[in-house]
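Keep in mind that the numbers below use all heavy atoms, side chains included, and drop hydrogens, waters and symmetry copies.
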Amino acid sequence: MELEDKLIEALVYGKVNKIEKVFEDIYEQYYKLVYFCIKQKVAIKEDIEDLTNETFISFYNGLKRNSNIRSLKSYLCKIAINKANDYLNKQKDVVLNIDENMSSDFKDNNDIFDLLKSKCSEKEYYILIHHVIYEESFKEISLDINEKINTIKSIYHRLIIKLRKETL
């Protein structure tokens, strides 16, 4: 059974111990992803850890209000990005740093992202990361970077073909 289904079942029956167990499973499965989402915007490790924990606290506190969650991954990434943006609005002098001081949890993944960056243009990389990691729709991405949705789709699909050819 998927975590989303387990969560809905736990919320429907209202058993606190079951909700807490499912929450622990969600935390274990998505901690690194939430950390990574925040790391894309915030450079200070302690702040990233705090914001990651705040993301899960917000998620847990909002469970009863938002029991109709279709994708935990997407939902948690959105909360994480909003937490990071709120933090940055409060901290005007924070220097954004995506590549330096990567946590040891992501050293293996860092090679993959470096390889992708070397194979893609900046726009292609942005589209790929936001579509695959953040699960943003092409429409959301097109609004973010002020491009037509068909242009975004075309760039994405050409990039996938290019990356497949280079890995074969």
Applying the 4.5 Å side-chain criterion to the ILVMFWY set and letting contacts propagate, would V132 and Y30 be lumped into a single cluster?
-> yes
K119: which of L128, L163, L159 passes side-chain contact (heavy atoms from CB on, under 4.5 Å) = L163
First locate atom CD of E2, then atom CD of E9, and finally report the distance between them rounded to the nearest 0.5 Å.
-> 13.5 Å
Between E135 and K78, is there a salt bridge with N-O shorter than 4.0 Å?
-> no
Determine yes or no for a side-chain-to-main-chain donor-acceptor pair under 3.5 angstrom, with E140 supplying the side chain and S137 the backbone.
-> yes
Tell me, with the steps shown, if Y27 and N53 meet side chain to side chain donor-acceptor pair (under 3.5 Å).
-> CA-CA 9 Å; Y27 184 86; N53 288 328; 3.2 Å; yes
Is R158 salt-bridged to E124, going by a charged N under 4.0 Å from an acidic O?
-> no
hydrophobic_cluster_shared for I141 and L143, side chain cutoff 4.5 Å | no
Can you tell me how far OH of Y75 sits from OG1 of T55, rounded to the nearest 0.5 angstrom?
-> 11.0 Å
Any chance you could measure C120, atom SG, to I155, atom CD1, to the nearest 0.5 Å?
-> 11.5 Å
Y134: partners by side-chain contact (heavy atoms from CB on, under 4.5 Å), with sequence neighbours left out | C37, Q40, C77, I81, I129, H130, E136
First locate atom CD1 of I127, then atom NE2 of H157, and finally report the distance between them rounded to the nearest 0.5 Å.
-> 10.5 Å
Give the ring-plane orientation class for F56 versus Y31, where under 30° counts as parallel, over 60° as perpendicular and anything between as tilted.
-> parallel
When you look at Y60 and I19, which way does the side-chain contact (heavy atoms from CB on, under 4.5 Å) test go after all the steps?
-> CA-CA 9 Å; Y60 184 81; I19 293 170; 4.1 Å; yes
Do side-chain atoms of S74 reach the backbone of S71 as a donor and acceptor pair under 3.5 angstrom?
-> no
If you round to the nearest 0.5 Å, how far is CZ of F23 from CD of E20?
-> 9.5 Å
Would you sort out whether S58 and K83 count as a side chain to side chain donor-acceptor pair (under 3.5 Å), showing the intermediate values?
-> CA-CA 9 Å; S58 292; K83 289 286 181 189; 3.0 Å; yes
Return the set of residues passing ring pair (Phe, Tyr, Trp, His ring centres under 6.0 Å) with Y156 (not counting sequence neighbours), or none when no residue passes.
-> H131, F138
When every non-hydrogen atom of K139 is compared with those of S142, the smallest separation belongs to O-OG, 2.7 Å
Separation between OG of S154 and CD of E147, rounded to the nearest 0.5 Å = 10.5 Å
Between N82 and Y87, do the side chains contain an N or O donor and an N or O acceptor separated by less than 3.5 Å?
-> no
Check L51 against V42 and note the closest heavy-atom contact, atom names and distance.
-> CD1-CG2, 3.9 Å
Going through the distances and angles, do K21 and K6 end up as a side-chain contact (heavy atoms from CB on, under 4.5 Å)?
-> CA-CA 10 Å; K21 172 63 177 126; K6 288 180 181 178; over 6 Å; no
Flag side-chain contact, heavy atom, 4.5 Å: N61 against I57 = yes
The side-chain contact (heavy atoms from CB on, under 4.5 Å) partner of L76 among L33, V34, T52 is V34
